[in-house]
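Numbers restart at 1 for each chain; the letters A, B, ... are given by sequence-line order, proteins then strands. All of these numbers come straight from a predicted model, not from anything done at the bench.
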Amino acid sequence: MRAFLGGFAAFTFAAGMAHADSATGLGGHAVAADNGALVYQHVCQGCHQVGGRGAKGAGAGFPALANNPHLEVSGYPVSMVLNGHGGMPWFNGMLTPAQIAAVVNYVRTHFGNDYKDPVTAADVSAAAGPPPTMER
Amino acid sequence: MEPTRRQLLTRIGVAAGSVAMYQAMTTLGHAAGTDFTGPPALAGARPGTTVLVLGAGLSGMLAAYELRRAGYSVRVLEFQNRSGGRNISLRGGDSLTELGGYTQKCEFSPGNYINPGPWRIPYHHRAILHYCKAFGVALEPFIEVNHNAYLHDPRSFGGKPQRYREYLGDFTGYTAELLAKAINQNKLDQPVTADEKAELLKAMRMWGLLDGNYSYKKGLEASLRRGYDKPPTAGINGAPTPSDLLARDEIMKSGLYQYLLFNMSDDVQTTMFQPVGGMDMIGKGFARQVGDLITHNIKVTNIHQDTSGVTVTYADQNHGGAVTQAKADYCVCTIPLPVLSQLDVQVSNEMKEAIDAVPYASSIKIGLEFKRRFWEEDEAIYGGITFTNLPISVMSYPSTGYFSKGPAVMLGGYMFGPAAYDFAGMTPQERVQEALKQGAQIHKQYPAEFSNGVGVAWSRMPWTLGCCSMWSEQARRAHYKTLVTMDGRIVLAGEHASYVGCWQEGALLSSLAAITQLHQRAVGAG
C-alpha cells in the first residue's frame with residue numbers, strides 16, 4: 001500500500017517496508033548488528049523465541065530452531081532467511097549477505113545444533129535472487 | 001450557456017434524488033473513496049444453504065451479517081474467547097497472553113485505553129463508516145496532524161525536538177527561497193512565459209512567506225507560520241517579536257520533511273475518525289448483530305471440501321479440546337495467512353502457493369499511562385502525532401478527554417520493520433522500559449509522570465502471528481487473483497485478500513467481494 005519509508009541506515013536493512021496504517025511506514029532503526037548472536041537477538045528472537053525454542057499458537061506457530069535436523073543442510077536455512085515461506089518474511093535485501101551468513105552459522109552451532117560447515121557471505125550472495133519489491 | 005458544474009449537480013440532485021447526485025459527484029471526480037456504495041444485494045438465496053465462517057474478526061462478522069440477511073444459514077467459528085480479531089482495545093483489567101508465555105496485565109485507570117491494532121479511520125473508507133453508522137458506533141475526530149507536536153531526530157538540532165510548525169515554516173520558506181532564486185535567474189530547465197514566471201514568483205512568496213527580495217528571513221512574516229518568540233498580546237508591551245529560524249542545512253540534512261510528506265498522503269488526510277471509547281467499539285457493534293452465530297474457543301485444524309460440501313475439523317476448547325467436525329455447503333475463511341498456511345487446507349495447489357506467499361509484517365504498539373496530561377498542561381499539545389527517527393518512531397497523544405485531570409494514556413511507540421523485530425524479541429517489560437527511555441529524549445516529564453504501560457508485539461499474537469499482510473509486487477502479480485478467487489466451496493476474506501491491506505476497510509471490502517462470489521456460486525449451482 002501507499003506509505004512511506006522512514007530513514008533507517010544503521011542496521012543495513014536495505015529495502016523498505018511500507019504499511020498502510022502505519023504512521024511512517026517503516027519504524028526506526030535497530031541496533032547495528034554484525035554478528036550472528038546479535039542478528040538473532042534483534043531480528044529472529046521475536047518469533048523463534050529465546051534459545052530458538054519456537055512457539056505454538058492457533059494450531060500454528062513458529063518452528064523451533066533448537067535441535068532442528070532441518071538445519072543440517074545449510075542451504076535450507078539460507079534459502080528460508082533469504083526468501084521466507086508462509087508466515088516467515090523474506091530478508092533478502094533487508095539483511096546483508098554477511099548478516100545472513102552470520103545468523104545461519106550462529107543458529108547451526110547453538111541451541112543444541114552442532115553443524116560444523118559454516119556458510120559464507122559469498123554462499124549467501126550466490127543463493128540470492130533479486131530481492132522482492134515491497135508494495136507501497 | 002454551459003451550465004456550471006455546481007448548477008449541473010444541483011439539477012441532477014433535484015431531478016433524480018441523492019443517489020444519482022452522489023454517483024454524479026463520483027463520476028465528476030468529487031467524493032472519490034473506496035468503491036463501496038452500499039451493502040450488497042444478494043437476492044434469491046436458496047433457503048437452507050449453509051455457510052461456515054472461520055474467524056470472528058470484522059471480515060468474518062460482516063460476512064455472517066450479510067449472508068444471514070440474504071437468507072443463508074450461517075455459523076461462525078472463532079479461535080479466541082472474544083470477537084473482533086485485530087479490532088481490539090486494551091483497558092485496565094485486561095490481560096494479553098502472547099506466544100512465548102508472557103502475559104501482560106493492563107493496569108490503566110478506568111476510562112483509559114490503547115488501541116494496539118487499528119487506531120484511525122480515513123474519511124474515504126466508506127464501508128467501515130457505513131457499518132459504524134448502521135450499527136450505532138459513535139465516531140469522533142482522530143487528530144493526525146498537530147502543528148504543535150514535535151519532529152525529532154537525535155542527530156539533528158542537538159537532539160532537541162522541533163515543533164512541527166517551526167520545521168514546516170522553515171522547510172517551506174527555505175525551499176521557496178531557493179526556487180524563487182532559480183526562477184528569477186531564469187535557471188529553470190524549462191522555459192516559462194513571463195506571465196507564468198510572475199505567477200510562480202508570487203506563489204513562492206506566498207508559499208514561503210518570503211520578503212520583497214524573495215528572501216526567507218527572521219521576521220514577523222515568517223512568524224505568522226512558525227510562531228513568535230513573544231506572541232502578540234495586549235497592553236503597552238503587546239507587540240509581538242519574531243522567532244529565530246532553524247539553520248537551513250540542518251533542516252535539509254535531518255530529513256524530517258519525510259514526516260510532513262507522510263501527513264500529506266491520502267490515507268491520513270483530514271478528517272480521520274476513531275470510535276468514541278476505543279476501536280473495539282466497532283467489533284462490539286458487529287458482535288451485537290451476529291454474536292448469536294459465533295462459537296468461541298474453536299481451534300480449526302482441517303478444512304476439507306468435496307463436491308457436496310465443506311468439512312471443518314476443530315478442537316473444541318469449550319469441551320476439553322474434543323475433536324469435532326462441522327459441515328456446510330460453503331466456507332468463508334478469514335484465518336490470517338500465517339496461521340492458515342500451517343493448517344491442513346484442501347484447496348488447489350495454486351491457492352496453497354498463494355496462501356504461502358504473503359508473510360505478515362511485525363509491528364509493535366506501546367501504550368503508556370502517565371499520571372497527568374503533561375503534553376497538554378506543559379506543552380500545549382492536544383492530540384496528534386510526534387514523529388521521531390528513534391526506533392519508537394511515533395508517539396501519539398489522545399484525541400479525546402482534553403483538559404481532563406488525572407491519568408491519561410499516550411501511544412509511546414508504533415513501529416514496523418527492524419525496530420518491530422527488535423522490540424518483539426524483548427520481554428513486554430523491556431519493551432515498555434525501552435520506549436520510556438527513548439521517549440524521555442522528547443518529553444523530559446516521562447520518568448516523573450510514568451505510571452504503567454503495555455507493549456504489544458503483533459508477531460507474537462497466537463491467532464494472527466503478525467500484524468497484517470506484507471505483499472511484494474512479485475507476490476501480488478503471481479498470486480493475488482488466485483487468493484481472492486473462490487476455490488471450490490471455499491473463499492478467503494480479510495485485509496490480506498484486498499488492495500487495502502492493513503486497513504479495516506480492506507477486511508470489509510474483501511468480505512463483501514468474497515460473499516458476492518459465494519452467493520453467485522450458490523444460486524448458480526444446481
Side-chain angles (χ1 to χ4, degrees), chain A residues 1-8 10-13 15-31 33 39-50 53-63 84-91 94-95 130-136, chain B residues 79 99-100 118 120 255 258-259 261-262 265-267 299-301 337-339 341-343 356 359-364 385 387 389-394 414-425 457 459-460 462-463 465-468 470-476 499-503:
Chain A
M1 286 305 301
R2 291 157 289 166
F4 295 82
L5 305 185
F8 67 104
F11 200 37
T12 66
F13 272 81
M17 291 212 264
H19 287 284
D21 191 17
S22 65
T24 52
L26 186 95
H29 353 246
V31 298
V39 173
Y40 185 82
Q41 180 195 335
H42 293 291
V43 182
C44 315
Q45 178 173 296
C47 291
H48 291 284
Q49 311 292 321
V50 174
R53 62 177 192 267
K56 207 75 182 151
F62 303 118
H85 185 76
M88 168 88 178
W90 69 89
F91 288 90
M94 297 183 208
L95 292 171
T133 317
M134 181 71 75
E135 278 189 351
R136 308 244 175 132
Chain B
F79 171 75
L99 285 180
R120 51 189 167 181
Q258 67 178 310
Y259 304 118
L261 303 180
F262 174 79
S265 58
D266 187 38
D267 280 345
K299 186 158 89 175
V300 170
T301 53
L337 297 182
V339 176
S341 68
Q342 299 181 50
L343 304 185
D356 281 345
Y360 279 24
S362 185
S363 178
I364 302 285
I385 293 173
F387 295 96
N389 52 26
L390 290 169
I392 53 172
S393 304
V394 163
Y414 175 31
M415 49 280 209
F416 283 85
Y421 289 127
D422 192 15
F423 272 67
S459 58
R460 299 175 74 128
W463 35 277
L465 304 179
C467 175
C468 54
M470 193 163 77
W471 280 93
S472 67
E473 291 176 6
Q474 291 80 2
R476 183 77 76 174
Y499 273 89
V500 200
C502 300
W503 289 98

### Query
Side chain of A/Glu135, backbone of B/Met470: donor and acceptor closer than 3.5 Å?
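Side chain of A/Glu135 to backbone of B/Met470: no pair is present.
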
### Query
Has the side chain of A/Gln45 got a donor or acceptor atom that lies under 3.5 Å from a matching backbone atom of B/Gly425?
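Yes; at least one donor-acceptor contact below 3.5 Å.
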
#### Entry: From CG (B/Asp422) to NE2 (A/His42), nearest 0.5 Å
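B/Asp422 CG to A/His42 NE2: 5.0 Å, rounded to 0.5 Å.
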
### Query
Out of curiosity, B/Tyr421 OH to A/Cys44 SG, how far, rounded to the nearest 0.5 Å?
9.5 Å

### Task
State which residues pass side-chain contact (heavy atoms from CB on, under 4.5 Å) with B/Ser472; sequence neighbours excluded, sorted by chain then number.
A/Trp90, A/Pro132, B/Gln474, B/Ala475

#### Entry: Student check: side-chain heavy atoms of B/Glu473 and A/Met134 closer than 4.5 Å
no

### Query
With side chains defined as the heavy atoms from C-beta onward, is the minimum distance between B/Leu99 and A/Gln49 less than 4.5 Å?
yes

### Task
Count the heavy-atom pairs under 4.5 Å between each of B/Pro462, B/Gly466, B/Pro359 and chain A, then report the option with the highest count.
B/Pro359

Might you point out which heavy atoms bring [X] and [Y] nearest each other, and give the distance in Å?
X	Y	result
B/Gly100	A/Ala55	N-CB, 4.1 Å
A/Gly86	B/Ser341	CA-OG, 3.9 Å
B/Leu343	A/Gly59	CD2-O, 3.5 Å

### Query
Measuring heavy-atom distances to chain A, does B/Ser459 have an atom under 4.5 Å in its side chain, in its backbone, in both, or in neither?
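Both backbone and side chain.
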
### Task
Side chain from CB out, backbone as N, CA, C, O: work out which of these in B/Leu337 comes under 4.5 Å of a heavy atom of chain A, or both, or neither.
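For B/Leu337, there is no contact with chain A at all, as no heavy atom is under 4.5 Å.
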
